[in-house]
Protein chains: 2
Amino acid sequence: MPGIDAVAALAGVSTATVSRALSGNGHVSPSTRMRVHEAASELGYVVSSPASSLASGRTKNVGVVVPFISRWFYSSVLEGAGSALLKNGYDLTLYGLTGGDDERRSVFEHFLLRKRVDAVLALTIELTSGELQSLLDLKKPIVGIGGPLAGVQTLSIDDVGVALLATEHLLGLGHRRIGMIGGESGFELDFHLPTNRRAGYERALRTAGVEPSPRYFLPADFTIRGGYQAATALLSDPVARPTALFAASDEMAMGSILAARDLGLSVPGDVSIIGIDGHEHSDFFGLTTFAQFPERQGAHAVEILMDQLHPGRRDPTPTNIPLPVELIVRTSTAPPPPS
Amino acid sequence: MPGIDAVAALAGVSTATVSRALSGNGHVSPSTRMRVHEAASELGYVVSSPASSLASGRTKNVGVVVPFISRWFYSSVLEGAGSALLKNGYDLTLYGLTGGDDERRSVFEHFLLRKRVDAVLALTIELTSGELQSLLDLKKPIVGIGGPLAGVQTLSIDDVGVALLATEHLLGLGHRRIGMIGGESGFELDFHLPTNRRAGYERALRTAGVEPSPRYFLPADFTIRGGYQAATALLSDPVARPTALFAASDEMAMGSILAARDLGLSVPGDVSIIGIDGHEHSDFFGLTTFAQFPERQGAHAVEILMDQLHPGRRDPTPTNIPLPVELIVRTSTAPPPPS
DNA sequence: CTGAAAGCGCTTACAG
DNA sequence: CTGAAAGCGCTTACAG
């Protein structure tokens, strides 16, 4: 592997000029720049990242801290973030907090501290104040996705708003007995998400003159199975079964569709079901849902980090605007059956 | 952030000794070692990764190249690999090849070359010979998971064997008309997987004296939807519907269960269905499957890399043995209906 | 077992 | 616009 001096020799300039030409930092005349680039590609020169980092203090690497990897939302955000980072010439170093407490501690007390990242992206993790502090002590750009982190800029969809809109979709179809499968409170990773989505649901009902009934609300764990069980319970109510179900996640909504089917109910003939997510499988299930585009969320977070890392390089990405969501109407929602 | 000299001063030794005590390279007397550790933790010293890498040539970082991130198999392997790397003090840098060709080229021609990784883990990607060559030119340990890579050590389950066993499970229950939903050939990421699994299926049938019929075989794309469509086609055959279906992936098997149900067939009353994967959702669907434990595959690959990176540190992990699979019998398989 | 010193391969004030 | 040179913060032969 050739070093920077080989390139300098071939191009007939100093290593300083090679550095400037290749990195874009500092002025180099167009003609020398071209000669340097030619020499570099002729030799197959690629800068040594450790040497560059040591000298400049910049690593061109972003650390991403995630509570789970193999869940749709998280892996989708990762995919979007990784691709956006690559386009910007950055690496993505992944810190999964899936292991035990020791593992988690070592991430915050060791891994993130060894000057290997320029910025940190934190996905819906509830951090202890100590962990948050050690992140802030890094004095590096941080952005969070999915939940408020004190002192950290966070990207999030408007949970209240989307729940309100989803409920309004059902109300607009004529439903009045609308059940909700919410998030379990104390669900450690999603902050206020369960509360907010429930609030939106209840507000929509009240606005429409329907008093929310606790009998129509059941929390679950965001999985297909959890949704299946909750839906089974809600739809088995012999007295006054809801004609529609709003699930706080698509996986729970899919579980609900399967539950309805197993109860002999047709969707949407007997029950309408709506979710939130835009999960990759929602199309297959014909699920009406509010899509939240996690890949774009990941890419968006990267834009914000890049703005902070390279101020003035271009117009900054607007921040603090709620992320876009989009209603995708499929075949799981329809007017209620005639009563 | 204190540097190594602050630690040296506090411990009353040279920086050389601090380096040796903290890294474990070279001899240090127990008492000095202890003093150094105390000084380091008192100051909150963490080694600068770029400086250490530049001086030593080691990065304590492994690059993982994946074709997809947000698919169950890949994200599960990632999870296992990441956690194993963390335990060994290594970072995981993720290179997703989800973008276009340009992105892909830049990974191989730029990102992987900048001396930022000590080793590479490649997940079931079909590499061009150029890409493979640039990996090999790195002269660094490489291990692949999931498919043979010329000149690279690869970890893989025994695809022929597992398909054979899955088919034998159905044969053992008394089935004779056994359909298969295989992988599409030319499915760019899984090498010989489709062919091998089909071969195992056919071998099991022949051994049992059943001639495989092309009418009972349909390829699909490894998704729920693909499995649903293929199963619908196979099970609609009015002439001689199979009494059992072997799907080359759990997602396709789940799609098959849903298809059977939509056709009014009971599982396993009318049709038995078996998959391969041990997918997180297979339990919910009651799916009998051969589990392949991708997290463990990721961890296993890391062990092998660590053995190569630190020879003699411990007994090397055995390599080249097929990865373990395990039959998990649930409620989707049973003897065929009386004919 | 420990230290002095060279060196890893870049980047960037500083000077021109 | 370009170069000479210091310096980034470690690691590791070499010597003792």
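Below, chains carry the letters A, B, ... as their sequence lines are ordered, and counting in each starts from 1.
For B:G3 and A:R20, each mapped to the nucleotide of DNA chain D holding its nearest heavy atom, the one lying further toward the 5' end belongs to A:R20. A residue-by-residue look at B:A51 and A:R35 shows that A:R35 has its nearest nucleotide of DNA chain D further toward the 5' end. Summary of the strand contacts: B:K115 and B:G26 both lie near DNA chain C, and taking for each the nucleotide with the nearest heavy atom, the more 5' one is attributed to B:G26.
For the pair B:D5 CG and D:dG7 C1', the interatomic distance rounds to 13 Å; values are reported in whole Å. Look at CG on B:L22: it is 16 Å from C1' on D:dT12, rounded to the nearest Å. Whole-Å rounding puts the B:I4 CD1 to C:dG3 C1' distance at 13 Å. Separating the NZ atom of A:K60 from the P atom of C:dT11 is a distance of 11 Å, rounded to the nearest angstrom. The distance between atom NE2 of B:H27 and atom C1' of D:dT12, rounded to the nearest whole Å, is 15 Å. One interatomic measurement links the two molecules: CG of B:L54 to P of D:dG9, which rounds to 12 Å at whole-angstrom precision. Remark: C1' of C:dG3 and CG of B:N25 are 17 Å apart, rounded to the nearest angstrom.
The side chain of A:S48 lies closest to C:dC10 when the candidates are C:dC10, C:dT2, D:dG9. The side chain of B:S29 has C:dT2 as its nearest neighbour among C:dG9, C:dA5, C:dT2. Each of D:dT12, C:dT11, D:dT11 was ranked by its minimum atom distance to the side chain of A:S19; first place goes to C:dT11. Among C:dT2, C:dC10, D:dC8, the nucleotide with an atom closest to any side-chain atom of B:V28 is C:dT2. Which of D:dT11, C:dT2, D:dG3 sits closest to the side chain of B:T17 comes down to C:dT2. Closest to the side chain of A:A16, out of D:dT12, D:dA4, C:dG9, is D:dA4.
Nucleotide D:dA4 forms a pair with no other nucleotide shown, judged by Watson-Crick or G-U wobble geometry with both contacts under 3.5 Å. Nucleotide C:dA13 forms a pair with no other nucleotide shown, judged by Watson-Crick or G-U wobble geometry with both contacts under 3.5 Å.
Counting only distance, with no hydrogens or angles, the side chain of A:E131 and the backbone of A:T128 share a donor-acceptor pair below 3.5 Å. In this structure, B:S52 contributes its side chain and B:S49 its backbone to no donor-acceptor pair below 3.5 Å. Proximity of a side-chain donor or acceptor of B:S83 to a complementary backbone N or O of B:E79 within less than 3.5 Å is not detected. Remark: side-chain polar atoms of B:H310 are not paired, donor with acceptor, to backbone N or O of B:M306 under 3.5 angstrom. Distance alone, capped at 3.5 Å, places no donor-acceptor pair between the A:S56 side chain and the A:L54 backbone. Using a distance-only test at 3.5 Å, with no hydrogens or angles considered, no donor-acceptor pair links the side chain of A:Q297 to the main chain of A:L323.
Judged by distance alone, with hydrogens and angles left aside, A:R114 brings no side-chain donor or acceptor close enough to the base of D:dG9 to form a pair under 3.5 Å.
A:R58 comes within contact range of the sugar-phosphate backbone alone, with a heavy-atom separation under 4.0 Å but no base atom that close. Residue B:T32 is classed as a sugar-phosphate contact, given heavy-atom separations below 4.0 Å to backbone atoms only.
Comparing the C1' positions of D:dG16 and D:dT12 gives an interatomic distance of 16 Å, to the nearest angstrom.
For the pair B:Y45 and D:dG9, the criterion of a side-chain N or O lying under 4.0 Å from OP1 or OP2 is not met. Between B:S14 and C:dG3 there is a side-chain polar atom (N or O) within less than 4.0 angstrom of OP1 or OP2. Between B:S52 and the phosphate of D:dG9, there is no side-chain N or O to OP1/OP2 separation shorter than 4.0 Å.
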